[in-house]
Amino acid sequence: MGKLKNYYLYYIVTYIGIGAYFPFLNVYLEKNIGLSGLQIGQIGSFTLFVGMLASPLWGMICDKTKKYKTMLAIMTVMTTLAVYFLFNAYTYVYVLFLLSVQTFSRAALFPVMDSLTMAYCDQHGKDFAPIRGLGSAGYVAGSFAAGLAADWMGFDGAFLTVFMICFIASLGPLFMLDKPEMKSNTGVKSSMVKDFGELIKNKKYIFILCCTIPTICVMNSGCGFAGNHLVTTLGSNQSIISWFTMMCALPEVVFIAVFNKILDRFGYKKLFIVALLTQMLRFAVYAFIPSSLTFLAITTVHAISTAIGTVGVMNYIKKVVEPHIMTTAFTLYGSFVSLIQAIFNIVFGKMYMSINSYSIFIASLIITGIGLIFISRTKYLDIMENRYE
C-alpha cells in the first residue's frame, strides 16, 4: 500500500470526527444551549450560505499558492478552534458566529482533499473509491462512538471532544502525504460569466438541478431534524442518533459501490422514480408512525436517494455539459443544493418551533410527491449517451 496508507488514514480519522459531530449538533444546540427550532434552522441556513461562498474562495487560494497541504492544515486548525470555543457558547449570536467560522474553515476541506487524492490515484494507477468508502465507514464508527460516549459521560460535549481529537490527529497523516503533481489548466482561458450563461441555457442541466430539490435537498433538510425528533419528540436516548446514522450510512456504502452498474441497467428515470417512491414511504413512516424502531428500519432506504441525488446527478451532468465547463457546472450544482437546503432549513426550523417535528416530515412527503409527478412526466431523463445541449 506504501504511502497510500496515509490517504486511507486521513480519510478514516477525519470522517470519524465528522460522524461524531454532525448527527448530534442540532440536539446539542437545543438541549444544552437552549436554542429554539427556529434559531437552529436560521443557523443551519446561514452557515450553508457561508459555506457556499467560502468553498470557491479556498479553492482559488489553493490553486494560486499550490500549498494544498498547508491550506488544509490551516482549515483543520481553524475548524478545531471554532468547535473548542463552542463548549462555552450559550448565546444565539455567539453560537452563530462560531458555527459560521467553523463552516467557513471547513467548507472546502473535503473538496480540496478529494481533488488531491484523486490526482494522486490517477498518477499512481490507484482507485479512489475504496479510500472514499473507508471514509463513510469512519463516519458510522464516529457517530456510534459519540453516541456511546454521550450515554456514558452525559451529553455535555462528548461528541465535540471526539471531533477535536480526530481533527488534530488528522494533521499527522496530512503532513506525511505523498503529494501528487497538481497540473494547472493551460488551455483556453474561460470566462465565468460566459460559462455561467452557457449553463443557464442548457435545459437538461437546469432540469437536473431541479431534480435535486425533491431528492437530496428535501431529504437532507428534513432529516436534519431527525435527531431532534427521536430524542425530543419520541423521548429516545441520545445514543439512538448513532443508530440512525448507521442505518443511513452503512447501506449507502454498499449501494454506492454498485450504483453505476444498476444505473447502466435501469437508466436515470427508473432510478429517480424508485428513489422518490421509497423516500415518500420513508417520510410517511416518519410522519405517521411514532416508533423509534420503525423510524430506524425505514431509514435504510436513505442510500437510494443519496446515490441518485449525488453520483447519479454528477454522472448526468457529465453527459449533458461540455467538458470545458465541467468544473463550473459542478461548482454551481453544489451552490444550488446549498441554497435550496438553506431555504428548507429556515422553513423547517420555523415549523419545528411553531408546530412539531411531525409537520416537517409531512411537508417533506408532499414535496417528494410533487417531485415524483414532475419527474415521471419528463423525457429529459431518457438519456444513455453523451449529448451536449
Flag side-chain contact, heavy atom, 4.5 Å: [X] against [Y]:
X: V313; Y: F272; answer: yes
X: T76; Y: S170; answer: yes
X: N6; Y: Y120; answer: no
X: I340; Y: T212; answer: no
X: L9; Y: M176; answer: no
X: M113; Y: Y11; answer: yes
X: L109; Y: L72; answer: yes
X: S100; Y: T103; answer: no

Treating [X] as the side-chain partner and [Y] as the backbone partner, does any N or O pair qualify as donor plus acceptor under 3.5 Å?
X: N26; Y: G224; value: yes
X: Q279; Y: P214; value: yes
X: S359; Y: N356; value: yes
X: Y139; Y: G17; value: no
X: K69; Y: L177; value: yes

Tell me whether [Y] is reachable from [X] by hopping between hydrophobic residues (I, L, V, M, F, W, Y) whose side-chain heavy atoms are closer than 4.5 Å.
X: L263; Y: L277; value: yes
X: V77; Y: Y68; value: yes
X: I213; Y: L372; value: yes
X: F361; Y: L293; value: no
X: V95; Y: V93; value: yes

Please work out whether the ring planes of [X] and [Y] are parallel, tilted or perpendicular, with thresholds of 30° and 60°.
X: F348; Y: F225; result: perpendicular
X: Y316; Y: F207; result: tilted
X: Y28; Y: F159; result: perpendicular

Decide side chain to side chain contact (heavy atoms under 4.5 Å, CB included) for Y7 and L4; before the verdict, give the C-alpha distance in whole Å, the side-chain angles of both, and the deciding distance to 0.1 Å. CA-CA 5 Å; Y7 284 88; L4 190 63; 4.2 Å; yes
For [X], give me all partners under side-chain hydrogen bond (donor to acceptor under 3.5 Å, both in side chains), at least two apart in sequence or on another chain.
X: T47; value: none
X: S354; value: none
X: N345; value: S221
X: T14; value: none

Rounded distance (nearest 0.5 Å) linking atom [atom1] of [X] with atom [atom2] of [Y]:
X: M219; Y: I367; atom1: CE; atom2: CD1; answer: 13.5 Å
X: C223; Y: I216; atom1: SG; atom2: CD1; answer: 12.5 Å
X: I375; Y: T368; atom1: CD1; atom2: OG1; answer: 10.0 Å
X: L171; Y: T80; atom1: CG; atom2: OG1; answer: 7.0 Å
X: I304; Y: L276; atom1: CD1; atom2: CG; answer: 10.5 Å
X: L25; Y: I33; atom1: CG; atom2: CD1; answer: 8.0 Å

Hey, are S305 and T215 close enough side-chain-wise for a donor-acceptor pair under 3.5 Å?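 No donor-acceptor contact under 3.5 Å links the two side chains.
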Sequence neighbours left out, what passes ring-ring contact (aromatic ring centres under 6.0 Å, His included) with [X]? Give chain and number order.
X: Y92; answer: none
X: Y84; answer: none
X: Y358; answer: H229
X: F163; answer: Y21, F167

Check the pair L29, L99 against side chain to side chain contact (heavy atoms under 4.5 Å, CB included), reporting the backbone distance first and the verdict last. CA-CA 11 Å; L29 296 179; L99 291 181; 4.2 Å; yes
Nearest heavy-atom neighbours spanning [X] and [Y]:
X: F24; Y: G19; value: CE1-O, 4.3 Å
X: I240; Y: L230; value: CG2-CB, 3.8 Å
X: L234; Y: S292; value: CD1-OG, 3.7 Å
X: A54; Y: F104; value: CB-CD1, 3.4 Å
X: I308; Y: A275; value: CG2-CB, 3.5 Å
X: C210; Y: F336; value: N-CE2, 4.4 Å

Test of understanding: with side-chain contact (heavy atoms from CB on, under 4.5 Å), list the residues that count as partners of [X], not counting sequence neighbours.
X: T299; value: F244, M247, C248, R282, Y286, F295
X: I366; value: I362, I370
X: S105; value: M78, T79
X: Y94; value: F85, A89, T91, F97, L98

Please walk me through it: do M164 and F87 pass side chain to side chain contact (heavy atoms under 4.5 Å, CB included)? CA-CA 11 Å; M164 290 189 296; F87 272 109; 3.2 Å; yes
How far apart are the C-alpha atoms of E30 and L35, what are their side-chain angles, what is the distance that settles it, and do they pass the side chain to side chain contact (heavy atoms under 4.5 Å, CB included) test? CA-CA 5 Å; E30 180 184 18; L35 300 186; 5.9 Å; no
